**Q** 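First the structure, which I've put down as structure tokens, then a few questions once you've had a look.
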Amino acid sequence: MVNLYFLYQYSTRLETGVFDGRPADYLFMLLFNWICIVISAVVMDKQLLMIPLIMSVLYVWSQLNKDTVVSFWFGTRFKAHYLPWVILGFNYIISGSVVDELIGNLVGHLFYFLMFKYPADLGGRSFLSTPQFLYRWLPSRRGGISGFGIPPESARRPADNPPAGGGRHNWGQGVRLGDQ
């Protein structure tokens with residue numbers, strides 16, 4: 001159940017964070033990680049692939065949110081950059097095996113390095129790009145409404161800014177129905 005929680009929590013954070021409005025890119029990340037995990041599972045004769053997939057998603061999120069402070073069991077707080085390795089160590093203490101977690105961390109690092117780190121920080125060419133057929137199936141969101149209530153800051157006009165008086169509006173005097 002804890003693994004399902006991790007998958008939901010960090011997958012949602014990736015979907016609404018760096019991959020917001022880009023479902024094809026997010027699906028490509030999942031497919032790339034899944035294919036790499038399946039190849040490593042065939043080589044290592046593994047049957048269960050859920051933990052490596054969870055760890056790869058968690059690893060990508062933690063690298064993209066390095067300075068975010070996260071809480072782990074018993075209130076331990078540290079930067080998200082260390083979360084995959086803390087989970088790996090914790091599972092080593094609990095179960096004595098870290099092969100699945102290590103495969104997930106390595107696959108997540110492979111995706112993060114090839115998609116983000118190498119092209120942006122090291123000036124190399126991009127080895128990974130989302131195939132066009134995924135963009136045809138899952139087009140990126142352009143514009144539209146983001147969230148509920150008020151438009152995002154980037155789309156808000158100066159006149160649209162909410163008043164500072166606790167969110168109350170100056171509706172005017174008004175006229176009761178029936179009074180003319």
Side-chain angles (χ1 to χ4, degrees), residues 1-122 124-141:
M1 294 304 286
V2 171
N3 287 327
L4 288 177
Y5 168 77
F6 280 142
L7 179 63
Y8 171 76
Q9 187 70 23
Y10 294 103
S11 190
T12 301
R13 289 181 183 185
L14 271 178
E15 257 187 304
T16 58
V18 71
F19 293 113
D20 188 28
R22 300 177 9 215
D25 294 332
Y26 181 70
L27 180 62
F28 176 69
M29 181 203 68
L30 291 177
L31 289 173
F32 177 83
N33 288 0
W34 178 73
I35 289 168
C36 291
I37 289 168
V38 167
I39 290 169
S40 65
V42 168
V43 170
M44 300 180 78
D45 195 31
K46 291 279 193 188
Q47 286 82 29
L48 298 176
L49 306 178
M50 184 177 92
I51 291 174
L53 183 63
I54 292 167
M55 291 302 292
S56 67
V57 169
L58 187 133
Y59 186 91
V60 171
W61 178 85
S62 71
Q63 293 303 310
L64 292 171
N65 298 283
K66 290 180 185 221
D67 294 326
T68 302
V69 176
V70 295
S71 294
F72 194 61
W73 293 55
F74 311 115
T76 308
R77 298 173 59 84
F78 48 85
K79 289 188 176 187
H81 178 72
Y82 302 111
L83 183 61
W85 304 107
V86 169
I87 292 173
L88 186 136
F90 182 76
N91 286 340
Y92 179 71
I93 293 169
I94 298 298
S95 67
S97 176
V98 294
V99 174
D100 290 336
E101 290 84 0
L102 193 57
I103 290 171
N105 286 356
L106 292 175
V107 167
H109 180 74
L110 181 65
F111 178 81
Y112 173 75
F113 184 79
L114 293 177
M115 186 63 112
F116 298 106
K117 188 77 170 163
Y118 185 68
D121 293 346
L122 303 175
R125 72 181 196 95
S126 180
F127 288 106
L128 294 179
S129 62
T130 305
Q132 288 302 313
F133 74 90
L134 287 178
Y135 285 121
R136 283 192 299 274
W137 290 348
L138 302 165
S140 296
R141 182 179 65 218

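Keep in mind that this is a model prediction, so the values were computed, not measured.
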**Q** Please round to the nearest 0.5 Å and tell me the distance separating atom CD1 of Ile51 and atom NZ of Lys46.
**A** 9.0 Å
**Q** Where do Met55 and Pro84 come nearest, in terms of heavy atoms and distance?
**A** CE-O, 3.5 Å
**Q** So which heavy atom on Val98 is nearest to which on Tyr92, and how close?
**A** CG1-CB, 3.3 Å
**Q** For a quick test of reading the model, state the closest non-hydrogen atom pair linking Gly108 to Tyr59 and the distance between them.
**A**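 Of all heavy-atom pairs spanning Gly108 and Tyr59, the closest is C-CD2, 3.4 Å.
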**Q** Taking all atoms of both residues into account, what is the closest heavy-atom pair of Pro139 and Arg136, and its distance?
**A** CD-O, 4.1 Å
**Q** Could you grab the distance from atom CG of Leu138 to atom CG of Asp25, nearest 0.5 Å is fine?
**A**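 Taking CG in Leu138 and CG in Asp25, the distance rounds to 10.0 Å.
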**Q** Take Ser140 and Arg22, measure what side-chain hydrogen bond (donor to acceptor under 3.5 Å, both in side chains) needs, and give me the verdict at the end.
**A** CA-CA 5 Å; Ser140 296; Arg22 300 177 9 215; 5.8 Å; no
**Q** Would you call Val70 and Phe78 a side-chain contact if the rule is heavy atoms closer than 4.5 Å?
**A** yes
**Q** Rounded to the nearest 0.5 Å, what separation is found between the CG atom of Asp45 and the CD atom of Gln47?
**A** 5.0 Å
**Q** Are the side chains of Met115 and Val60 in touch, meaning some heavy atoms are under 4.5 Å apart?
**A** no
**Q** Could you walk me through whether Tyr10 and Ile54 pass the side-chain contact (heavy atoms from CB on, under 4.5 Å) check?
**A** CA-CA 9 Å; Tyr10 294 103; Ile54 292 167; over 6 Å; no
**Q** Counting neighbours of OH on Tyr5 that are heavy atoms of other residues, nucleotides or ligands and sit closer than 6.0 Å, is the number greater than 12?
**A** no
**Q** Measuring from atom CG of Leu83 to atom CG of Leu58, what distance do you get when rounded to the nearest 0.5 angstrom?
**A**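 The CG atom of Leu58 is 4.5 Å from CG of Leu83, to the nearest 0.5 Å.
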**Q** Let's go through Phe90 and Thr76 carefully: what are the C-alpha distance in whole Å and the side-chain angles of both, what is the deciding distance for side-chain contact (heavy atoms from CB on, under 4.5 Å) to 0.1 Å, and is it a yes or a no?
**A** CA-CA 12 Å; Phe90 182 76; Thr76 308; over 6 Å; no
**Q** To the closest 0.5 Å, what do you measure between CG (Leu14) and CD (Gln9)?
**A** 11.0 Å
**Q** Once you measure the plane-to-plane angle for Phe127 and Tyr118, does it fall in the parallel (<30°), tilted (30-60°) or perpendicular (>60°) bin?
**A**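 Parallel.
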**Q** Rounded to the nearest 0.5 Å, how far does CE of Met29 lie from OG1 of Thr130?
**A**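 Nearest 0.5 Å value for the OG1-CE distance: 10.5 Å.
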**Q** Run the salt bridge (charged side-chain N to carboxylate O under 4.0 Å, His left out) test against Arg13 and tell me which residues pass, sequence neighbours left out.
**A**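 Scan of Arg13 (salt bridge (charged side-chain N to carboxylate O under 4.0 Å, His left out), adjacent residues dropped) gives none.
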**Q** Mind telling me whether Phe111 and Phe19 have parallel, tilted or perpendicular rings, with 30° and 60° as the class edges?
**A** tilted
**Q** Just checking Phe72: does its CZ atom have more than 12 heavy atoms from other residues, nucleotides or ligands closer to it than 6.0 angstrom?
**A**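 Atom CZ in Phe72 is packed in, count exceeds 12.
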**Q** Mind telling me whether Phe28 and Phe32 have parallel, tilted or perpendicular rings, with 30° and 60° as the class edges?
**A** tilted
**Q** Among Leu106, Val57, Ile37, which residue meets the side chain to side chain contact (heavy atoms under 4.5 Å, CB included) test with Pro52?
**A** Ile37
**Q** Output yes when a side-chain donor or acceptor of Ser95 lies under 3.5 Å from a complementary backbone atom of Asn91, and no otherwise.
**A**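 Present.
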**Q** Measure the shortest side-chain to side-chain distance between Trp85 and Leu102 over non-hydrogen atoms and say whether it is less than 4.5 angstrom.
**A** yes
